[in-house]
Every structure is written in C-alpha cells, then in structure tokens.
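Note that the coordinates shown come from a computational prediction; the quantities given were computed from them, not determined experimentally. By convention in this document, chain letters (A, B, ...) are assigned in the order of the sequence lines, proteins followed by strands, and residues within each chain are numbered from 1.
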Amino acid sequence: MKLVGTEFQVKVWSELQKIPYGEVRTYKQIAESIGSPKSSRAVANACAKNPHPPLIPCHRVVRSDGGLGGYSAHGGTSEKMKLLIKESVFPSD
DNA sequence: CACATGACCTAAC
DNA sequence: TGTTAGGCCATGT
C-alpha cells in the first residue's frame with residue numbers, strides 16, 4: 001500500500017504510522033519530525049485529509065495542550081476520544 | 001496569483 | 001487561570 005499525495009502529507013502520514021499503540025504525538029511533534037516545527041497547522045490539515053483513516057492513526061494525534069483536537073475521519077471527535085480512552089491514553093474521568 | 005479555510009501554537013491582558 | 005489576538009503553514013478555490 002502506498003500513500004499518494006503531496007510530499008508534506010506523505011511525510012506526516014508516515015510519522016503517524018510510526019506512532020505505537022498506547023502512545024500519542026502532538027501536532028507540533030509531528031511537524032518537528034518532518035522538519036517543519038512551525039507547520040503544526042499544515043500537519044493537522046494533512047491528518048484531516050488523510051486518504052485512509054484505518055491506515056493512519058490520526059486519532060493518536062493530540063494538541064500540545066493535551067486536548068484532543070478534532071477528528072474528521074469518522075465518528076467525529078467523540079470517536080477519537082473513545083479510541084484514546086480505549087488505549088489508556090486519554091483520562092476517562 | 002490572491003483569498004479563504006483548518007484537527008494549531010505562543011504571547012499578552 | 002481564562003480569554004483574545006497575532007502568527008504560521010499547506011491546500012483548495
């Protein structure tokens with residue numbers, strides 16, 4: 001399976017796939033990983049435009065404040081929260 | 001090419 | 001501590 005899109009998106013998606021189970025990365029971290037620490041916004045965009053939601057753990061990407069951020073893939077932010085809680089990454093209380 | 005959009009971040013009040 | 005304003009980047013129209 002090969003992801004297709006802009007270089008930026010491919011880099012972001014690749015980083016997302018590097019996120020292991022039970023771990024979360026901030027948009028800023030991803031931005032830094034691809035060499036553009038200030039592109040946190042564009043990173044979020046790439047996640048939102050990810051072509052294969054089940055193939056990319058976009059739900060493991062959260063804000064630097066500890067917030068969830070969003071989830072345009074499926075179910076919405078609620079589904080993302082549920083997934084994070086299920087992976088014990090997000091406090092259920 | 002210019003404008004508008006978005007799941008952001010930091011600083012200031 | 002909570003809210004507001006400005007900046008920053010990539011993409012689509």
When the distance from [atom1] of [X] to [atom2] of [N] is rounded to whole Å, what number comes out?
X       : N      : atom1 : atom2 : value
A:Leu68 : B:dA7  : CG    : P     : 13 Å
A:Lys28 : C:dA10 : NZ    : P     : 14 Å
A:Arg60 : B:dA7  : CZ    : C1'   : 17 Å
A:Ile34 : C:dC8  : CD1   : C1'   : 13 Å
A:Arg63 : B:dT10 : CZ    : C1'   : 12 Å
A:Glu32 : B:dC9  : CD    : C1'   : 12 Å
A:Gln9  : B:dA7  : CD    : P     : 15 Å
A:Lys38 : C:dA10 : NZ    : P     : 10 Å

The side chain of [X] lies closest to which of these nucleotides: [options]?
X       : options               : answer
A:Ser64 : B:dC9, B:dA7, C:dA10  : B:dC9
A:Lys80 : C:dC9, B:dA7, B:dG6   : B:dA7
A:Asp65 : B:dA7, C:dA10, B:dC9  : B:dC9
A:Lys49 : C:dG12, C:dA10, B:dC9 : C:dG12
A:Arg41 : B:dC9, C:dG7, C:dG12  : C:dG7
A:Asn50 : B:dA7, B:dC8, C:dT11  : B:dA7

Exercise. For A:Gly70, report the nucleic acid contact type (base, sugar-phosphate, nothing); a contact means any heavy atom under 4.0 Å.
Key: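 Base, at least one base heavy atom under 4.0 Å.
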Practice problem: Check every strand shown and say whether A:Ser72 touches a base, only sugar-phosphate, or nothing at a heavy-atom separation below 4.0 Å. | Solution: base
Practice problem: Is it possible for you to say whether A:Tyr27 and A:Ile56 belong to one hydrophobic cluster, with membership spreading through side-chain heavy-atom contacts below 4.5 Å? | Solution: yes
Quiz item: Same cluster or not: are A:Leu83 and A:Val62 linked, directly or through other Ile, Leu, Val, Met, Phe, Trp or Tyr residues, by side-chain heavy atoms under 4.5 angstrom apart?
Solution: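 Per the 4.5 Å side-chain linkage, A:Leu83 and A:Val62 are not co-clustered.
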Practice problem: Could you tell me whether the side chain of A:Arg60 and the main chain of A:Ile19 form a donor-acceptor pair under 3.5 Å? | Solution: yes
Quiz item: If only atom types and distance count, is the side chain of A:Lys80 paired as donor or acceptor with the main-chain N or O of A:Val61 below 3.5 Å?
Solution: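 Checking the backbone N and O of A:Val61 against the side chain of A:Lys80, a donor-acceptor pair under 3.5 Å is found.
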Exercise. Answer yes or no: side-chain N or O of A:Tyr27 and base N or O of B:dA7 forming a donor-acceptor pair under 3.5 Å.
Key: yes
Quiz item: Just wondering, do A:Tyr71 and A:Cys58 contact through their side chains at under 4.5 Å, heavy atoms?
Solution: yes
